[in-house]
Amino acid sequence: MSPARRAAGPARRVVPRRFYAGDPLEVAPALLNKVLVGGARAGRIVEVEAYRGADDPASHAYRGLRPRNAVMFGPPGHLYVYFTYGMHFCANVVCLGEGVAGAVLLRALAPLDGIEAMRAARARPPGAPGRRSGDGSSGWPDRDLASGPARLCQAMGITGADDGADLVSGAGGIQLVDDGVAPPPRPAVSGRVGLRVAVERPWRWWVPGDPNVSKGKGLVVAPARARR
DNA sequence: CTTTGGATCGTCT
DNA sequence: GACGATCCAAAGG
């Protein structure tokens, strides 16, 4: 590697395309603790949600192939980015094979590299409401830089221009890598956030106790049972 | 702490 | 014409 190689930390291996070929319900929890790299910025995935196709009324693919969701029907290992609420982007990893829709929504990252760039991308202008006075901070504690699907895109600089980017080749400047940290053996689970249908499906997973997980609340699907 | 409403526009009805 | 895989701040307790 060049002198610009990372100062510390284990090697990062690109996640192979076959990893994405499975069902989103299996790929989603396996994505936890993988690392999303975009230019000098990188973050560890700590919260995800699975979306499927014709059998998932909450999925953008539920009503069939459209220009917006076309990437969801394409080959696995690509990024599906959509625009919503008139102002936000959200990013998904495409699963399953070509012609079959499936994706995993990336809901939160733990910032690893390029944290200054993330702060800048998420900063409100000086004097804006909500900005802390006194110190030179640009407004957000690091745990809130990417603690939500739209915040994540803002922090990483992901926009609609990245829709369809290949996470394996990295040709679009975004790549998914494994730095040797395994997914949690027992991830936390709940229903998906922000939906009006299929809220009871336990298709949201996160790294238990991680402070970067979004504050969005999914329906509690498997309440802790009293032990005795 | 929780709840509520505004922002803002592509997509679908 | 309605609404969304959201975020943010202001208001209320």
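Predicted model, so just to flag it, every value in this text is computed and none were measured. Letters A, B, ... mirror the listed sequences (proteins, then strands); counts begin at 1.
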What pairs with [X] under side-chain contact (heavy atoms from CB on, under 4.5 Å), at least two apart in sequence or on another chain?
X	result
A/A117	A/R41
A/S59	A/Y51, A/D56, A/A61, A/M72
A/A50	A/P24, A/L25, A/A28, A/W203, A/W205

Under 3.5 Å, which N/O atoms of the protein pair with N/O atoms of nucleotides 5-7 of chain B?
none

| task | Verify the contact: side-chain N or O of A/R122 to OP1 or OP2 of C/dC7, cut-off strictly under 4.0 Å; return yes or no. | result |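 For C/dC7, neither OP1 nor OP2 has a side-chain N or O of A/R122 closer than 4.0 Å.
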| field | Sorted by number, the residues of residues 43-52 of chain A with heavy-atom contact under 4.0 Å to DNA chain C | value | A/Y51
| query | Counting only non-hydrogen atoms, which of residues 194-207 of chain A are less than 4.0 Å from DNA chain C? | reply | A/G194, A/L195, A/R196
| query | Within this structure, what is the CG-to-C1' distance between A/L219 and C/dA5, rounded to whole angstrom? | reply | 16 Å
| query | Rounded to the Å, how far apart are A/Y82 OH and C/dC3 C1'? | reply | 14 Å
Return the polar atom pairs (N/O with N/O) between nucleotides 11-13 of chain B and the protein under 3.5 Å, or none.
| from | atom 1 | to | atom 2 | distance (Å) |
| --- | --- | --- | --- | --- |
| B/dC12 | OP1 | A/R66 | NE | 3.4 |

Contacts under 3.5 angstrom, residues 152-162 of chain A side chains, donor-acceptor by atom type, not counting sequence neighbours:
| from | atom 1 | to | atom 2 | distance (Å) |
| --- | --- | --- | --- | --- |
| A/Q154 | OE1 | A/R122 | NH1 | 3.1 |
| A/T159 | OG1 | A/A161 | N | 3.1 |
| A/D162 | OD2 | A/T159 | N | 2.9 |

| Can you list the stems that DNA chain C is part of, where a stem is at least 3 pairs in a row, each Watson-Crick or G-U, with both distances below 3.5 Å? | B:1-7 with C:6-12, B:9-12 with C:1-4
| task | Could you list the residues that satisfy salt bridge (charged side-chain N to carboxylate O under 4.0 Å, His left out) with A/R44, not counting sequence neighbours? | result | A/D179
| Is there a residue in residues 144-161 of chain A whose heavy atoms reach under 4.0 Å of DNA chain B, and which residues are they? | none
Please tabulate, one pair per line, all N/O donor-acceptor pairs under 3.5 Å involving side-chain atoms of residues 73-91 of chain A, not counting sequence neighbours.
| from | atom 1 | to | atom 2 | distance (Å) |
| --- | --- | --- | --- | --- |
| A/H78 | ND1 | A/G164 | O | 2.9 |
| A/Y80 | OH | A/H60 | ND1 | 2.8 |

